[in-house]
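Structure record follows, encoded as structure tokens.
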Number of protein chains: 2
Amino acid sequence: MTSLDPRTGLPVVAMVGGGQLARMTHQAAVALGQSLRVLATDPGESAALVAADVRIGDHRDLDALRAVADGATVLTFDHEHVPTEHLRTLAGEGVRVAPGPDALVHAQDKLVLRRALAAAGEPQPAWAEVQTLQGITDLADSVGWPVVVKTPRGGYDGRGVFVVEAAEEAADLLEAHGSLLVEERVPLVRELAVLVARSPFGQVAVWPVVETVQRDGINTEVLAPAPGLDEDTAGAAQELAVRIADRVGVVGVMAVELFQTPDGVLVNELAMRPHNSGHWTIEGARTSQFEQHLRAVLDYPLGSTAMTAPVVVMANVLGGRAAEADWDGPGIDERVHHLMAHWPDVKLHWYGKGQRPGRKLGHVTALGEDLAEVRARAVAAARYLADGEIDPAFAFSEEH
Amino acid sequence: MTSLDPRTGLPVVAMVGGGQLARMTHQAAVALGQSLRVLATDPGESAALVAADVRIGDHRDLDALRAVADGATVLTFDHEHVPTEHLRTLAGEGVRVAPGPDALVHAQDKLVLRRALAAAGEPQPAWAEVQTLQGITDLADSVGWPVVVKTPRGGYDGRGVFVVEAAEEAADLLEAHGSLLVEERVPLVRELAVLVARSPFGQVAVWPVVETVQRDGINTEVLAPAPGLDEDTAGAAQELAVRIADRVGVVGVMAVELFQTPDGVLVNELAMRPHNSGHWTIEGARTSQFEQHLRAVLDYPLGSTAMTAPVVVMANVLGGRAAEADWDGPGIDERVHHLMAHWPDVKLHWYGKGQRPGRKLGHVTALGEDLAEVRARAVAAARYLADGEIDPAFAFSEEH
């Protein structure tokens with residue numbers, strides 16, 4: 001039946017992409033008796049620094065994909081940039097691809113997702129596919145300016161998303177892409193995310209709904225569970241995520257990013273892989289998203305998604321002052337030292353990547369009872385790692 | 001000052017030994033932005049299957065030790081079998097060795113430990129160093145038969161430990177070793193263990209006292225915290241462990257194995273590395289013993305040792321019926337599948353080693369509120385992995 005590692009009798013999951021998601025998936029694989037096989041583009045990538053079985057190659061190169069899939073139990077992804085046609089070719093050659101190309105395209109192409117949600121009657125912003133500037137104006141006539149213009153493919157972390165006050169602002173973009181997605185700018189209360197996992201057998205597991213806090217389109221904090229979210233809305237959001245998972249036939253972990261508006265939740269977009277909004281699950285849930293992704297793509301039964309503490313906050317460390325070229329303050333080793341001295345119960349995850357301003361370099365997780373306290377702790381720790389600055393509220397005391 | 005990885009700006013810990021302790025230490029290293037460098041004797045060893053930087057060589061070969069230490073920040077151990085003289089040589093050549101040879105010898109040589117504890121006035125069984133059979137009889141005249149005869153070096157998991165009813169039973173052993181340790185057989189209530197970590201700076205952290213359940217001298221279960229242990233005894237045991245850590249100058253994690261008797265606790269032996277009695281800390285404590293060992297040997301500040309649940313039980317998976325040559329039941333992949341179906345909240349740690357009867361192949365951890373329930377769950381899951389048999393109390397229900 002499936003390919004097993006002859007040394008261990010256990011599966012071999014191959015992951016396309018050598019970033020931090022692959023790095024953390026390898027950690028989870030180790031506990032399950034496995035060792036993640038990684039296709040990285042460079043030996044210095046985050047996962048390539050720590051995994052035993054690293055292949056170097058481009059995720060757009062069909063032969064590189066064939067090579068990493070050869071002898072593996074299943075092929076999965078740390079990002080969504082693999083060409084759909086390559087995945088169809090591999091699937092046709094008998095490679096188990098999870099999520100499969102027909103599911104993954106909903107996370108790769110925002111227009112495909114909008115059409116599928118419309119067909120299913122699921123809640124989403126008013127939208128239109130446009131090939132002309134007049135098309136943008138037409139939608140704005142109905143929903144009002146500004147509108148949000150998105151490139152259908154290739155965007156993440158806020159890239160490829162533009163708020164425009166007039167159609168002409170999108171002229172270059174339209175010329176470059178030919179076709180664009182235009183959406184109403186929704187009356188946003190906040191952003192939420194629901195993480196769900198689905199196995200080929202059809203088993204589905206869903207974690208509590210979280211709030212994702214963004215700055216400049218990049219997630220900075222995740223609050224679990226979403227503070228003050230009423231049970232009905234939370235339950236409805238979870239059910240929505242499960243319905244979408246079933247409808248698109250995802251295999252693996254999927255993040256459903258939601259806009260919360262005064263009238264309910266609307267689907268923003270999907271990610272079909274472990275996702276930044278689920279990093280809190282490493283310490284904060286009985287089963288982490290990384291272990292669950294492995295279980296799901298292997299068609300293992302899924303693990304418990306129960307939380308391990310009443311409140312969990314994850315804060316991303318984005319390259320800040322300390323990642324700038326002229327930084328002459330404490331290096332990362334010294335900053336980690338101070339972090340540990342000051343916050344002995346904050347959990348660090350550092351990705352080993354080169355430091356550049358704005359880049360996701362790591363994250364920290366704090367757990368506890370009181371949201372304000374837990375959040376302040378996580379944010380202050382992340383800020384110290386990023387900027388080498390201590391928040392006055394967390395100034396080092398004399399004994400440190 | 002210290003050697004840092006130029007790719008990440010973070011330390012490189014080199015560990016001698018490629019077993020499951022190195023494997024789980026690598027998982028912890030990944031979160032800290034590091035990648036454990038491993039000296040394994042064979043590429044199929046547990047840690048060698050999952051680590052990115054594996055050197056193959058013998059831990060008794062000084063040149064192999066030199067090579068793995070070269071450029072590393074610090075050299076540490078997954079076992080205690082490295083010759084003391086090699087460690088002295090390396091330390092003399094400027095290698096940071098943690099724990100250092102003068103500390104480690106207390107975990108390598110039971111006679112050295114007995115002498116040190118006697119000099120410190122710490123509680124231990126009545127003992128004698130003997131070069132003659134008469135020496136054994138002399139101790140027995142004072143404490144009664146049977147007595148326990150131990151080889152000073154090389155024993156673990158019950159090896160090198162013999163209960164004898166007459167001195168003659170130890171004749172061959174004495175001839176082979178020249179000198180033996182003889183101890184009273186203490187009136188054992190149960191065995192306890194205290195795990196402690198100490199940094200070069202002198203910071204010490206201690207986890208709650210646990211009960212270690214043994215079968216044939218091999219640990220099968222660890223119950224955290226030790227059930228029914230009164231606060232005074234627990235506190236005294238923790239203080240004892242901290243005193244010993246300071247006295248022997250250990251750097252890293254140290255397990256103090258204790259005999260609980262009607263009159264209090266007595267020190268059995270020490271291990272200076274992450275230890276089976278601390279595997280529960282991966283999910284059960286805010287800082288795992290593996291992360292803490294890395295922090296300690298790197299002189300990072302130590303992490304919180306707070307428990308994450310009221311009751312945590314770790315059960316070892318020892319190779320059983322399913323590891324026998326004629327086993328024709330479900331293979332390990334299928335057993336893992338059933339494990340996950342049946343116990344969605346039991347955490348698996350499988351070491352990837354070849355399966356042989358009696359060998360430590362993995363462990364499982366369960367967390368909860370009620371000791372009897374949590375323990376039954378962990379033991380049943382471990383037994384199923386080992387023997388392919390479901391405890392009747394946990395029989396599969398119809399829906400599985």
Side-chain angles (χ1 to χ4, degrees), chain A residues 2 4-5 7-11 23-24 26-36 44 48-52 54 205 282-283 286-287 291 295 298-304 306 308-309 331-333 336-342 344-345 347-355 361-362 367 400, chain B residues 2 4-5 7-11 23-24 26-36 44 48-52 54 205 282-283 286-287 291 295 298-304 306 308-309 331-333 336-342 344-345 347-355 361-362 367 400:
Chain A
T2 60
L4 300 176
D5 186 332
R7 302 171 302 178
T8 60
L10 287 167
R23 182 182 174 106
M24 292 185 273
H26 179 54
Q27 285 181 285
V30 170
L32 302 184
Q34 305 170 28
S35 183
L36 191 72
L49 295 175
V50 301
V54 179
I282 297 175
E283 293 89 7
R286 189 57 62 220
T287 308
E291 178 180 333
R295 289 179 178 229
L298 290 166
D299 210 6
Y300 278 162
L302 302 180
S304 163
T308 62
I332 181 58
D333 182 49
V336 168
H337 191 108
H338 287 305
L339 176 94
M340 289 178 172
H342 208 58
D345 48 2
K347 301 313 294 179
L348 171 68
H349 296 268
W350 192 254
Y351 307 151
K353 302 182 340 185
Q355 296 183 57
L361 301 176
L367 300 91
H400 283 110
Chain B
T2 59
L4 300 176
D5 186 331
R7 301 172 302 177
T8 60
L10 287 167
R23 183 182 174 106
M24 291 185 274
H26 179 54
Q27 285 181 285
V30 170
L32 302 183
Q34 305 171 28
S35 184
L36 191 71
L49 294 175
V50 301
V54 179
I282 298 175
E283 293 88 8
R286 190 54 65 220
T287 308
E291 178 180 334
R295 289 180 179 228
L298 290 166
D299 209 6
Y300 278 163
L302 301 180
S304 164
T308 63
I332 182 58
D333 182 50
V336 168
H337 191 109
H338 288 304
L339 176 94
M340 289 178 172
H342 208 58
D345 49 2
K347 302 313 294 181
L348 171 66
H349 296 267
W350 192 255
Y351 307 150
K353 303 184 336 187
Q355 296 184 55
L361 301 176
L367 299 90
H400 284 108

Only counting residues at least two apart or in another chain, list the ones meeting side chain to side chain contact (heavy atoms under 4.5 Å, CB included) with L298(A). P11(A), V13(A), Q34(A), T73(A), V74(A), Y300(A)
Most contact-rich option vs chain A, by heavy-atom pairs under 4.5 angstrom, among V30(B), L348(B), T8(B), L10(B), is V30(B)
Closest heavy-atom contact between P301(A) and H337(B)? CG-O, 3.3 Å
Can you give me the closest heavy-atom contact between D333(A) and G9(B), atom names plus distance? CB-O, 3.5 Å
Kindly say whether G44(B) contributes a backbone atom to a donor-acceptor pair with the side chain of R7(A) at under 3.5 angstrom? no
If you count heavy-atom pairs within less than 4.5 Å of chain A, which of R286(B), M340(B), E283(B), H349(B) leads? M340(B)
For T287(A) and P344(B) the tightest heavy-atom approach is OG1-O, 4.1 Å
Among H26(A), R295(A), E291(A), residue most engaged with chain B (heavy-atom pairs, under 4.5 Å): R295(A)
Here the pair of heavy atoms bringing S304(B) nearest to D345(A) is CB-CB, 4.0 Å
Greatest number of heavy atom pairs closer than 4.5 Å to chain A - which of L302(B), I332(B), D5(B), V54(B): I332(B)
Between G362(B), A52(B), A205(B), A29(B), which residue shows the highest count of heavy-atom pairs closer than 4.5 Å to chain A? A52(B)
Given a strict heavy-atom distance threshold of 4.5 Å, which part of K353(A) is in contact with chain B: side chain, backbone, both, or neither? neither
